[in-house]
Participant: 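Provided herewith is a single structure, encoded as C-alpha cells, for subsequent inquiry.
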Amino acid sequence: MSVLQHLNAELSINSGQEFLWERVGNNWYGIHGGSVVRFSAADPLDLESFPDCVSAEEIFRLDDDMGAILGEISHDPLVKSLVATYPGLRLMRQDAEQCLFSFLCASNTNIPMIRRMLRSLCARFGRQVQVDGQKFHAFPSAKALDRASEAELRAAGLGYRAKAIKAAAREIARGSLDLESLKKASYEDAKARLLEIYGVGPKIADCVLLFSLEKLDAFPIDVWIARALANHYDWLSDKKTSDKLTACQYENLSSQMRRYFGRHAGYAQQYLYYHMRQAAGKRW
DNA sequence: CGGCAGGAGCCCA
DNA sequence: TGGGCTCCTGCC
C-alpha cells in the first residue's frame, strides 16, 4: 500500500502496501510489474515509467472521487479524525500479479523481510532495467517464476512460501488463473476464485481485491487492523478473544466492517492501518 | 552471549 | 483447534 500525502507537496510511501518503492534524492522509484516507475517527490504527477506503460492517473487512482469517498467513510468518528490527521492519503493501484506474489510472501513475517524477499525475486528472475544510470530489476513475470524450481525459490529466501509462489506462478503461466478477468467479477466471485489458490486465505485475498482488482469495499484484517477493531469498535460482535482470528471470525468481522463503511470500506481500512502503524512508531 | 517473542497468515492433522 | 513453517530483528 502506499500512502501518498499531499499530492502536490510532501509525499510518503507506506511500505505496508507497496513493498518495492524507495526514495533516492528528490525522486521515488518503484517497481510496477514489468516497469520501473519514477516520480518527483515534489510533484508526483511528474511521473515516468520504463518501459512507458503506467500513468500517474493509473497508479495514484486519480479517477477516484476523494471528496465523495472521504465523506462516505467519515460517518465514523475515528476515521473522520484520521482523514483530518493524514490529509491526502491515497490508495495506490498495484500490478495484480505483483500484488498477489507480494502478499504470498507476507505471511508470518514483517515488512523488512517482505521487502528483502521481493527484491531477491526481482534480482534473480526479473528483467534488468536502466533508469537514470541506475540498475533496477522489474518484477518477474509468472512465466519466469514458473521456470524456477521450488528449491531455487527457497534459495531466494522465501522459506516455506516458495511452494505457494510456485503454485500461483504455474496457474497464471498456464492460463488457468486470469487475474485481469477478476476485475470485472463481483467481490464474492473474485474472492472465491482467489481462495482456490494454494497459500491464499481471506486476508491475502482481500489485499489483492483491494489493491489490484478494483474491489474498494474489501476490508483486509491483519494484526494491526485486528488491534484497531479491538480497541475502538466495541459494538462489533464476535471480536477476537486471542491473538489470531479464525477464518470464521475473519469473515464475520470483515463483512461487518464492509457493511459499516460501505462501498469504499477499503479506504477506511487504509486510514486505520496507517494510523496504527504510526502510533506504534513504525516507519517501514 | 543465548534465548525467546514477534512479524499485512495459511495449511494440515 | 493447535502446531508448524523460514528467518531475521529487537529485547531481555
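A, B, ... follow the sequence lines: proteins, then strands. Residue 1 opens every chain.
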Participant: Would you kindly give the NZ-to-P distance between A:Lys163 and C:dT6, to the nearest whole Å?
Facilitator: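 That distance rounds to 10 Å.
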Participant: Which of parallel (below 30°), tilted (30 to 60°) and perpendicular (above 60°) describes A:Phe60 and A:Phe39?
Facilitator: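 A:Phe60 vs A:Phe39 ring planes: perpendicular.
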Participant: Tell me which nucleotide among C:dC8, B:dC12, C:dT6 gets nearest to the side chain of A:Met113.
Facilitator: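 My answer, after comparing the listed nucleotides, is C:dC8.
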Participant: Any donor-acceptor pair under 3.5 Å linking the side chain of A:Lys215 with the backbone of A:Leu213?
Facilitator: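 Between the backbone of A:Leu213 and the side chain of A:Lys215 there is a qualifying donor-acceptor contact (under 3.5 Å).
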Participant: Between B:dC10 and C:dT9, how far is it from one C1' atom to the other, in whole Å?
Facilitator: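 Approximately 23 Å lies between the C1' atom of B:dC10 and that of C:dT9.
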Participant: Have a look at A:Ile172 and tell me which of A:Leu145, A:Leu100, A:Ile197 forms a side chain to side chain contact (heavy atoms under 4.5 Å, CB included) with it.
Facilitator: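 It is A:Leu100; the other options fail the test.
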Participant: Under 4.0 Å: is that the gap between some side-chain N or O of A:Arg154 and OP1 or OP2 of C:dT6?
Facilitator: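 A:Arg154 to C:dT6 OP1/OP2: side-chain N or O found under 4.0 Å.
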Participant: If you assign each of A:Gly201 and A:Thr109 to its closest nucleotide in DNA chain B, which residue comes earlier from the 5' end?
Facilitator: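 Taking each residue's closest nucleotide, the earlier one in sequence belongs to A:Thr109.
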Participant: What's the NZ-P distance between A:Lys191 and B:dC10, to the nearest Å?
Facilitator: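 Rounded to whole Å, this separation is 10 Å.
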Participant: Looking at A:Arg227, I'd like to know whether one of its side-chain N or O atoms comes within less than 4.0 Å of OP1 or OP2 on B:dG7.
Facilitator: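 Yes, because at least one side-chain N or O of A:Arg227 sits under 4.0 Å from OP1 or OP2 of B:dG7.
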Participant: Taking the P atom in each of C:dG3 and B:dA5, what is the distance between them to the nearest angstrom?
Facilitator: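 It comes out at 13 Å once rounded to the nearest Å.
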Participant: Taking the side chain of A:Tyr198 as heavy atoms from C-beta outward, which of B:dC10, B:dC11, C:dT9 is closest to it?
Facilitator: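 That would be B:dC11.
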Participant: In this structure, how many angstroms lie between the P atom of B:dG9 and the CZ atom of A:Arg161, rounded?
Facilitator: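 Computing the A:Arg161:CZ to B:dG9:P distance gives 9 Å.
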Participant: Within this structure, what is the CG-to-P distance between A:Leu104 and B:dG9, rounded to whole angstrom?
Facilitator: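 Distance, rounded to whole Å: 12 Å.
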Participant: Do the numbers put A:Arg61 on top of the ring of A:Tyr267, so that NZ or CZ is under 6.0 Å from the six-membered ring centre and no more than 45° off the axis?
Facilitator: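 No; the conditions do not both hold, so A:Arg61 does not lie above the ring face of A:Tyr267.
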Participant: Tell me the interatomic distance from A:Tyr250, atom OH, to B:dC11, atom C1', rounded to whole angstroms.
Facilitator: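 It works out to 17 Å between those atoms.
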Participant: Starting from C1' on B:dG9, measure out to CD1 on A:Ile165 and report it in whole angstrom.
Facilitator: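 Answer to the nearest Å: 13 Å.
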Participant: Between atom CZ in A:Phe103 and atom P in B:dC10, what is the gap in whole Å?
Facilitator: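 Atom CZ in A:Phe103 sits about 11 Å away from atom P in B:dC10.
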Participant: For nucleotides C:dC8 and B:dC11, find the distance between their P atoms and express it as a whole number of Å.
Facilitator: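 So the two P atoms sit 24 Å from each other.
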Participant: Using 30° and 60° as the class boundaries, would you call the ring planes of A:Trp235 and A:Tyr260 parallel, tilted or perpendicular?
Facilitator: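 Rings of A:Trp235 and A:Tyr260: tilted, as their planes differ by 30° to 60°.
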Participant: With sugar-phosphate meaning primed atoms plus P, OP1 and OP2, does A:Ile204 contact a base, only sugar-phosphate, or nothing at under 4.0 Å between heavy atoms?
Facilitator: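 Sugar-phosphate only.
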Participant: Does A:Leu195 or A:Ile114 map to a spot on DNA chain B nearer the 5' end, using the closest nucleotide for each?
Facilitator: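 In this pair, the answer is A:Ile114.
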Participant: Side chains of A:Thr85 and A:Tyr271: any donor to acceptor distance under 3.5 Å?
Facilitator: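 No, no side-chain donor-acceptor contact under 3.5 Å.
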Participant: Show the nearest heavy-atom pair for residues A:Asp217 and A:Gly262, with the distance to one decimal.
Facilitator: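 Nearest heavy atoms, A:Asp217 then A:Gly262: CB-O, 3.9 Å.
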Participant: For the side chain of A:Tyr160, starting at C-beta, report the closest nucleotide among B:dG7, B:dC10, C:dT6.
Facilitator: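 In terms of side-chain proximity for A:Tyr160, the closest of B:dG7, B:dC10, C:dT6 is C:dT6.
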Participant: Taking the minimum atom-to-atom distance to the side chain of A:Asn110, which one of C:dT6, B:dC10, B:dG7 wins?
Facilitator: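 That would be B:dG7.
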Participant: Mark yes when over 12 heavy atoms from residues, nucleotides or ligands other than A:Asn26 sit less than 6.0 Å from its CG; otherwise mark no.
Facilitator: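 It does not: A:Asn26 CG has 12 such atoms or fewer within range.
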Participant: Check the distance between B:dG7's P and A:Trp224's CH2 and give it to me in whole angstrom.
Facilitator: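 For the pair A:Trp224 CH2 and B:dG7 P, the rounded distance is 7 Å.
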Participant: DNA chain C in dot-bracket, Watson-Crick or G-U pairs under 3.5 Å, [ ] crossing, | other strand?
Facilitator: |||||.||||||
Participant: What nucleotide among C:dT9, B:dC12, B:dG9 has an atom nearest to a side-chain atom of A:Ser107?
Facilitator: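 For the A:Ser107 side chain, the nearest candidate turns out to be B:dG9.
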